[in-house]
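Each chain gets a letter, A, B and so on, in the order its sequence line appears, and its residues count up from 1.
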There are 2 protein chains.
Amino acid sequence: MSNTISINIKSSCASCGLRDLCLPVGLNSNEIEILGNLVNHKRAVKRGKYLHRTGTSFQSLYAVRRGFFKTFILEKDGRQQVTGFHMTGELIGLDAISAEIYTCDAVALEDSEVCEVPFSKLEEISRVIPSLMKHFHKIMSGEIVKDHEVMMLLGSMKAEERLITFLLNLSGRFSKRGYSSVDFVLRMTREEIGNYLGLKLETVSRAFSKLQEESIISVNNKHIHIHDMDRLKNKVDV
Amino acid sequence: MSNTISINIKSSCASCGLRDLCLPVGLNSNEIEILGNLVNHKRAVKRGKYLHRTGTSFQSLYAVRRGFFKTFILEKDGRQQVTGFHMTGELIGLDAISAEIYTCDAVALEDSEVCEVPFSKLEEISRVIPSLMKHFHKIMSGEIVKDHEVMMLLGSMKAEERLITFLLNLSGRFSKRGYSSVDFVLRMTREEIGNYLGLKLETVSRAFSKLQEESIISVNNKHIHIHDMDRLKNKVDV
DNA sequence: CGTACGTTTGACTCTGTTCAATTGCCGTGG
DNA sequence: CCACGGCAATTGAACAGAGTCAAACGTACG
């Protein structure tokens with residue numbers, strides 16, 4: 001048994017590589033054990049499939065274990081707005097707590113896997129694990145802060161600034177997960193980027209081309225390479 | 001703070017008219033009593049004064065008891081983005097939980113009064129009052145949903161639609177508080193509206209004038225009267 | 001009661017959209 | 001393996017909506 005690779009059945013969180021990004025942040029090993037017992041159901045979501053849809057009854061949050069998601073809301077007239085892109089360790093479904101119904105659609109942009117977190121149980125155990133409650137509140141609050149940043153982006157930035165801000169945001173999140181901050185593959189289309197940024201896909205494409213012209217980045221379809229991070233940042237004075 | 005006036009009344013929440021809008025929603029009288037003992041510090045904020053500023057250390061949430069606030073964030077280059085307008089019964093400061101620092105400035109747009117809610121104490125008692133915890137989570141989640149709606153507005157609506165959506169939103173909130181839904185006074189300037197909606201003040205003014213042309217509303221400076229709610233709603237197909 | 005600020009309106013400019021044509025890429029099936 | 005079809009991305013040209021600049025007016029606040 002000693003040199004056997006153990007397959008995590010019991011406490012999935014304890015052995016998960018995303019421990020430092022996800023819900024267990026700040027918990028001791030005993031507490032992680034308790035949380036792990038609650039989060040014991042995984043679910044695979046193929047590229048293009050829905051994790052959940054608007055209007056369905058809310059039971060669980062989902063933590064992205066592997067893959068990439070987008071969430072979006074719909075107007076009556078069919079217009080849609082991408083509200084976020086979600087990568088490993090991030091929680092999906094926080095919007096649904098309020099009315100106990102999902103308020104957006106969540107779609108996998110590549111073959112993905114999520115951990116299901118039954119929300120009422122999470123609330124229960126967070127009563128006895130204060131640090132879990134605290135961390136959960138911070139996650140929700142962080143979501144609000146993130147949304148305010150998007151409001152700033154949509155409300156007062158020009159096309160190029162929006163795209164750069166978006167790239168820098170992705171870059172930072174990849175880096176935090178151990179991937180390159182200057183070399184990555186976009187999982188979403190130009191249209192999805194544009195929708196998120198309040199721009200048309202052609203405008204996104206033109207902005208990419210311009211940054212490439214200036215040799216700040218190279219764009220090969222979905223593959224992005226950032227050559228000059230400083231100049232990129234200077235353009236949005238970060 | 002020097003311009004703070006604190007008053008101590010036993011269980012302020014129990015006797016507060018905002019009981020059904022604010023934190024105490026869904027609590028029994030005993031629980032309201034406990035909450036009221038925690039929320040015993042009121043603070044007056046004169047028009048134009050700051051309730052809190054970006055970067056200062058977070059201790060408390062604030063519930064608006066009387067008056068009207070705006071919150072906004074600042075870019076390095078001085079650009080600002082209004083992130084919300086807040087009326088009676090609404091909580092200010094949810095953004096600050098995440099980094100334990102306020103991420104925005106909050107300014108009173110008229111002489112106002114807030115109830116201070118020490119956050120760590122709120123977390124403590126919410127451990128023993130599950131319905132308080134549940135309601136607090138719903139408030140935070142509702143904030144996220146609201147922000148997503150603003151993202152939709154900023155990302156895919158035209159100037160007139162944005163303004164109408166804004167008016168309908170205010171109208172509904174006034175109505176919920178027992179005020180007229182068709183006749184109200186704006187507390188903010190055209191510039192503040194524009195900033196919130198991602199428009200210039202001139203564009204806001206023109207959109208108001210156009211709606212008045214069409215006899216859908218009348219605008220007398222800050223005083224708005226909605227003559228034809230149906231036509232107003234039809235323009236954004238709600 | 002006067003002044004400073006907020007608002008309205010007009011004329012012009014510019015950024016991003018729309019429409020359209022073309023190219024590039026990738027998976028499927030012959 | 002290559003050819004095909006369909007989707008995604010790029011690029012150009014014309015257009016429209018909102019921004020900018022400027023002037024005049026109204027009001028409410030001290």
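Interface residues of residues 155-169 of chain A facing DNA chain C, ordered by number: Lys158(A), Ala159(A); criterion, heavy-atom separation under 4.0 Å.
A 4.5 Å side-chain heavy-atom check between Val64(A) and Glu113(A) finds every atom pair outside the cut-off.
Lys176(A) forms no cation-pi arrangement with Phe174(A), by the criterion of a distance under 6.0 Å to the ring centre and an angle within 45° of the ring axis. Relative to the ring axis of Phe72(A), Lys70(A) places its NZ or CZ within 45° and under 6.0 Å from the centre.
Gly48(B) comes within contact range of no nucleotide atom at all, as no heavy-atom separation falls under 4.0 Å. At a threshold of 4.0 angstrom between heavy atoms, the contacts of Gly194(B) with the nucleic acid are absent. Nucleic acid contact for Leu201(A): base, since at least one base atom lies under 4.0 Å from a heavy atom of the residue.
Residue Thr203(A) places at least one side-chain N or O closer than 4.0 Å to OP1 or OP2 of dT17(C). OP1 or OP2 of dT8(C) lies within a sub-4.0 Å distance of a side-chain N or O belonging to Arg190(B). Taking side-chain N and O atoms only, Ser209(B) has a distance below 4.0 Å to OP1 or OP2 of dT9(C). The shortest distance between the side-chain N/O atoms of Asn221(A) and the OP1/OP2 oxygens of dA8(D) is not below 4.0 Å.
Nearest-nucleotide assignment on DNA chain D puts the 5′-proximal partner with Ser205(A), out of Ser205(A) and Arg47(B).
The side chain of Lys222(A) sits closest to dA9(D) out of dT17(C), dT8(C), dA9(D). Among dT10(D), dT8(C), dA9(D), the nucleotide with an atom closest to any side-chain atom of Thr189(A) is dA9(D).
Checked against the 6.0 Å centroid threshold, His225(B) and His227(B) count as a close aromatic pair.
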